[in-house]
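Computed over heavy atoms, backbone and side chain alike; hydrogens, waters and symmetry mates excluded.
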Amino acid sequence: MQMPEPSARIIGLKSQLIERLLAVLPADAVISDEAETRVYECDGLAAYKCPPLLAVLPSTTQEVADVLKICHDMGVPVVPRGSGTSLAGGAMPTADSVILGVARLNDVLETDYDNRIIRVQSGRTNLSVTGAVEQNGFFYAPDPSSQLACAIAGNIAMNSGGAHCLKYGVTTNNLMGVTMVMMDGTVVEIGGAHLDAGGLDLLGVICGSEGQLGVVTEATLRILHKPEGARPILMGFDSAEVAGQCVSDIIKAGVLPVAIEYMDKLCIEVCEAHAQAGYPLCEALLIVEVEGAPAEIDEQLSLIKDIAQRLNPVELREAQNADEAGRIWLGRKSAFGAMGQVNDYMCLDGTVPVSKLPEVLRRIGELSREHGLDVGNVFHAGDGNMHPLILYNANTPGDLERCEALGAAILKLCVEVGGCLTGEHGVGIEKRDLMRAQYTDADLEAQMAVKDVFDPKWLLNPAKVFPLDATAARRDAA
């Protein structure tokens, strides 16, 4: 993975930069010791590492504005960071950049149950948003697998989803407004506590922009009433293609489960050994969950079971109580951690039309054999958001490069069948050089023109999203 060369000029300004930052931040909010900055050398894509010049941890919007203004004046790149759970290298620093972490921005600022909104600082974790409102019968719908740790800031940056996005949508469908600081320190309010803002859809531009346009410090989020109940059903099949067909048939039948999750044989075996959830050792497993009133749940599950039975499942198990429901979800929720105990892996994030799932799963198997690396598939099947896990050994020379090549082939396959490079992990550094597989030069030029408006010096989140040659040309021009 190629990274840009660090700027000797900026590294030479380190002592002056520290002095200016200490004038606007508490001493414990400026981290400059080389050993301590290594904490920030990577995010969830741990295959690549680079310690930053230094890191800062502001506690207020004003402190964020002060930091950005200083860095803007000195021409220092800034990498915004939520909780560092990005799986695409979205928060990976460059050697001449300042990490701006929002972990200390974690307060609930306002809760309005009548209008079903909550306003929080962006460093607050995803799951703790629900924690702040659940006693009053509400919840925040987007639920990434890392929701215990991931921050709202990162959710907005990557437009994150989760297992239940099939019914409730991803972050953009649950985000109503933001307070954002521009690179020059200007604070702007976009959207707010109302259904739709007039004029340009700037909120839609910000959500999913991967820290390229500004640093979000506050977010107004939609909260929802908890459903009366929910119930999952587990279905095992003797081939990946048949399981993919089942997903496609459920969607075509007009049934809208709250979640449809897929696991292949490799993931089933690893997760069962780790969590002992009682999964059948079959070729492919689906977990389908529906919710609503008891009669509504019964009707939906009856339709889903009829569809599954036509495909001859090796096992069909409906949860009869909360304990059984918890066990059905246990292995799926443990998947990434369980796989990490077995081997190094890279988690991809491509999206395909649901009707193409059987074909794509077959082709991933073929590509896996061609490249000589195992692939475990665990993903949100209901909306075609795939997460192939490519297993490799970081200590074996050439394995990482083979992993990268296989990953690129799988993501190009997603585009070829009518899908896209990413669903919720973002582009980051992982997919930036694949952007031309999906976008023409004219498409990329239009996207980069938007960044020109928000960040004319191209200082925010360097070396991400856009191909390195295009980024270098833009920065040279600035």
Side-chain angles (χ1 to χ4, degrees), residues 61 64-65 68 78 80-82 86 90 100 102 105 107-112 115-126 129-130 133 138-144 150-162 164-165 167-224 351 383 420 422-428 443 446-456 460-461 464-465:
T61 295
V64 172
L68 289 177
V78 174
R81 181 183 176 99
S86 170
L100 193 159
V102 297
L105 293 156
D107 289 339
V108 173
L109 303 173
E110 178 188 2
T111 308
D112 182 346
N115 292 300
R116 295 180 296 161
I117 61 168
I118 184 171
R119 187 164 63 91
V120 301
Q121 289 184 305
S122 64
R124 193 168 183 89
T125 61
N126 175 286
V129 175
T130 289
V133 298
F138 286 80
F139 73 108
Y140 177 59
D143 60 338
C150 66
I152 291 298
N155 292 176
I156 293 171
M158 302 304 180
N159 192 21
S160 302
H164 292 85
C165 67
K167 180 173 182 179
Y168 293 113
V170 292
T171 298
T172 192
N173 306 111
N174 296 274
L175 177 68
M176 302 184 70
V178 297
T179 299
M180 187 178 78
V181 186
M182 309 276 280
M183 185 63 215
D184 64 359
T186 302
V187 180
V188 296
E189 300 283 346
I190 298 173
H194 43 268
L195 185 60
D196 285 307
L200 296 174
D201 182 18
L202 294 178
L203 191 61
V205 173
I206 298 303
C207 189
S209 61
E210 303 195 29
Q212 293 287 307
L213 309 181
V215 178
V216 173
T217 60
E218 299 176 10
T220 301
L221 307 171
R222 190 189 317 277
I223 53 176
L224 302 172
T351 300
D383 62 347
C420 58
T422 181
E424 59 176 342
H425 292 179
V427 175
D443 294 331
Q447 295 176 41
M448 291 188 292
V450 174
K451 182 170 173 62
D452 287 339
V453 173
F454 285 84
D455 179 23
L460 276 170
N461 215 9
K464 315 290 168 49
V465 180

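Using a 4.5 Å heavy-atom threshold, the side chains of Phe454 and Gln212 count as separate. Looking at Val427 and Lys464, their side chains never come closer than 4.5 Å, going by heavy atoms from C-beta outward. Using a 4.5 Å heavy-atom threshold, the side chains of Asp201 and Leu203 count as touching. Between Leu109 and Gln121 the shortest side-chain heavy-atom distance falls below 4.5 Å. You'll find the side chain of Lys451 reaches within 4.5 Å of the side chain of Leu213, heavy atoms only. Proximity of Val102 to Thr217: side-chain heavy atoms (C-beta onward) are nowhere separated by under 4.5 Å. Between Glu424 and Val170 the shortest side-chain heavy-atom distance does not fall below 4.5 Å. In this structure, the side chains of Tyr140 and Ile152 come closer than 4.5 Å at one or more pairs of heavy atoms.
Thr172 OG1 to Ile156 CD1: the interatomic distance, rounded to the nearest 0.5 Å, is 10.0 Å. One distance of note links OG1 of Thr179 with CZ of Arg119; it measures 6.5 Å at 0.5 Å rounding. Rounding to the nearest 0.5 Å gives a distance of 12.0 Å between CG of Leu100 and CZ of Arg81. Remark: Glu189 CD to Met180 CE distance equals 10.5 Å, nearest 0.5 Å.
Taking both residues in full, the closest heavy atoms of Cys207 and Asn159 are given as SG-OD1, 3.5 Å, listed atom of the first, atom of the second, then distance. Contact detail for Val129 and Arg124: the closest heavy-atom pair is N-NE, 4.1 Å. Closest heavy-atom contact between Ser160 and Gly154: OG-O, 4.0 Å. Minimum interatomic distance between Ala157 and Gly211 (heavy atoms only, all atoms of both residues): CB-N, 4.2 Å. The minimum heavy-atom distance between Cys165 and Asp383, with the atom names listed, is SG-OD2, 3.2 Å. Here the shortest heavy-atom pairing between Ala65 and Val181 reads CA-CG1, 3.6 Å.
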Passes side-chain contact (heavy atoms from CB on, under 4.5 Å), Val64 versus Leu105? Steps please.
CA-CA 10 Å; Val64 172; Leu105 293 156; 4.0 Å; yes
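Checked by atom type and distance alone, the side chain of Asn461 never pairs as donor or acceptor with a backbone atom of Pro80 at under 3.5 Å. Side chain of Asn115 to main chain of Ile117: no donor-acceptor pair is present (N/O by atom type, distance under 3.5 Å, no hydrogens or angles). Judged by distance alone, the side chain of Ser122 and the main-chain N or O of Val216 form a donor-acceptor pair under 3.5 Å.
For the side-chain hydrogen bond (donor to acceptor under 3.5 Å, both in side chains) with Asn155, the lone residue among Asn174, Asn126, Thr171 that qualifies is Asn126.
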